[in-house]
Amino acid sequence: QVQLVESGGGVVQPGGSLRLSCVGSGFTFSAAAIHWYRRPPGKLRQLVAGISAIDDRTNYAESVRGRFTISRDNARNTVYLQMDNLLPEDTGVYYCHLPRVDYWGQGTQVTVSS
């Protein structure tokens with residue numbers, strides 16, 4: 001019943017921006033913390049950002065702090081990841097994650113290259 005659907009990935013040049021979306025259903029969205037993870041090519045999955053059910057509680061990986069912003073719109077059952085000043089090392093498949101039940105979306109590809 002739980003669903004997480006990511007969108008917004010694509011190919012962008014270094015220094016560019018993308019906004020990812022994760023739309024959730026099948027659970028009480030406003031009560032759920034949400035994570036963004038990514039898997040770079042040939043590397044392990046890593047936590048990028050998280051947001052609690054209280055929308056002023058956020059956390060970020062050191063590598064993206066100051067460049068990425070996680071936010072949520074509970075009326076739209078959506079969590080966003082605004083990614084600015086993208087670097088080649090930001091390339092990977094980005095996943096949203098519902099930690100309360102350890103549920104993962106299918107992922108969206110982000111490629112940063114000249």
Side-chain angles (χ1 to χ4, degrees):
Q1 186 175 7
V2 171
Q3 289 187 311
L4 296 172
V5 180
E6 302 96 332
S7 63
V11 180
V12 65
Q13 293 184 329
S17 297
L18 288 171
R19 188 180 73 162
L20 306 184
S21 298
C22 173
V23 179
S25 60
F27 60 97
T28 304
F29 188 86
S30 62
I34 299 290
H35 295 152
W36 282 100
Y37 282 78
R38 69 187 181 194
R39 185 183 296 277
K43 297 183 178 181
L44 298 176
R45 183 187 63 205
Q46 59 190 227
L47 180 65
V48 175
I51 187 165
S52 74
I54 302 172
D55 64 6
D56 62 350
R57 299 288 199 271
T58 61
N59 61 82
Y60 299 93
E62 184 178 1
S63 60
V64 308
R65 191 181 304 275
R67 300 187 298 118
F68 291 11
T69 303
I70 188 170
S71 62
R72 67 192 301 155
D73 184 345
N74 290 331
R76 297 181 181 272
N77 282 8
T78 302
V79 169
Y80 301 99
L81 186 67
Q82 177 67 43
M83 305 186 295
D84 297 319
N85 193 25
L86 283 160
L87 303 170
E89 50 262 47
D90 295 319
T91 292
V93 179
Y94 283 68
Y95 302 88
C96 57
H97 174 244
L98 180 61
R100 180 167 53 83
V101 295
D102 194 25
Y103 189 87
W104 298 86
Q106 297 302 304
T108 184
Q109 176 71 44
V110 172
T111 302
V112 184
S113 65
S114 299

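Since the structure is predicted, the reported quantities are computational estimates derived from the model, not experimental observations.
For Ser25, the side-chain contact (heavy atoms from CB on, under 4.5 Å) criterion is met by Gln3, not counting sequence neighbours. With sequence neighbours excluded, the residues forming a side-chain contact (heavy atoms from CB on, under 4.5 Å) with Asn77 are Phe29, listed by chain and number.
Checking side-chain atoms of Gln46 against main-chain N and O of Arg38 turns up no donor-acceptor pair under 3.5 Å. With hydrogens and angles disregarded, no donor-acceptor distance shorter than 3.5 Å links the side chain of Arg76 to the backbone of Val23. At distances below 3.5 Å, not a single donor-acceptor pair connects side-chain atoms of Glu6 with backbone N or O atoms of Thr108.
Pairing each heavy atom of Leu86 with each of Arg67, the nearest pair is CA-NH1, 3.9 Å. The nearest pair of heavy atoms linking Cys22 to Trp36 is CB-CZ2, 3.6 Å. Of all non-hydrogen atoms in Ala32 and Leu98, the two that sit nearest each other are CB-CD1, 3.6 Å. When all heavy atoms are compared, the tightest approach of Ala33 to Ser52 is CB-CA, 3.9 Å. Closest heavy-atom contact between Ser21 and Thr78: CB-CG2, 4.1 Å. Across every non-hydrogen atom of Gln109 and Gly92, the tightest pair is NE2-O, 3.6 Å.
Counting heavy atoms from C-beta on, the side chains of Thr91 and Ser113 never come closer than 4.5 Å. You'll find the side chain of Pro40 stays beyond 4.5 Å of the side chain of Glu89, heavy atoms only.
At a threshold of 4.5 Å between side-chain heavy atoms, the hydrophobic network of Ile, Leu, Val, Met, Phe, Trp and Tyr places Val12 and Met83 in one connected group. At a threshold of 4.5 Å between side-chain heavy atoms, the hydrophobic network of Ile, Leu, Val, Met, Phe, Trp and Tyr places Ile34 and Tyr60 in one connected group. By the rule that hydrophobic residues join a cluster once side-chain heavy atoms approach within less than 4.5 Å of another member, Leu87 and Val11 end up as members of separate clusters. Both Tyr103 and Val48 sit in one connected hydrophobic cluster of ILVMFWY residues. Membership requires side-chain heavy atoms under 4.5 Å apart, directly or through other members. Each of Tyr80 and Phe68 belongs to its own hydrophobic cluster when Ile, Leu, Val, Met, Phe, Trp and Tyr are linked at side-chain heavy-atom distances under 4.5 angstrom.
Atom CD of Gln106 sits in a sparse spot, with 12 or fewer heavy atoms from other residues, nucleotides or ligands closer than 6.0 Å.
Distance check: Asn59 CG to His35 NE2 gives 6.0 Å after rounding to the nearest 0.5 Å. A distance of 8.0 Å separates OG1 of Thr58 from CZ of Arg65, quoted to the nearest 0.5 Å.
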Show your reasoning for whether side-chain contact (heavy atoms from CB on, under 4.5 Å) applies to Tyr95 and Leu4. CA-CA 9 Å; Tyr95 302 88; Leu4 296 172; over 6 Å; no

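A distance below 6.0 Å separates the ring centres of Trp104 and Tyr37.
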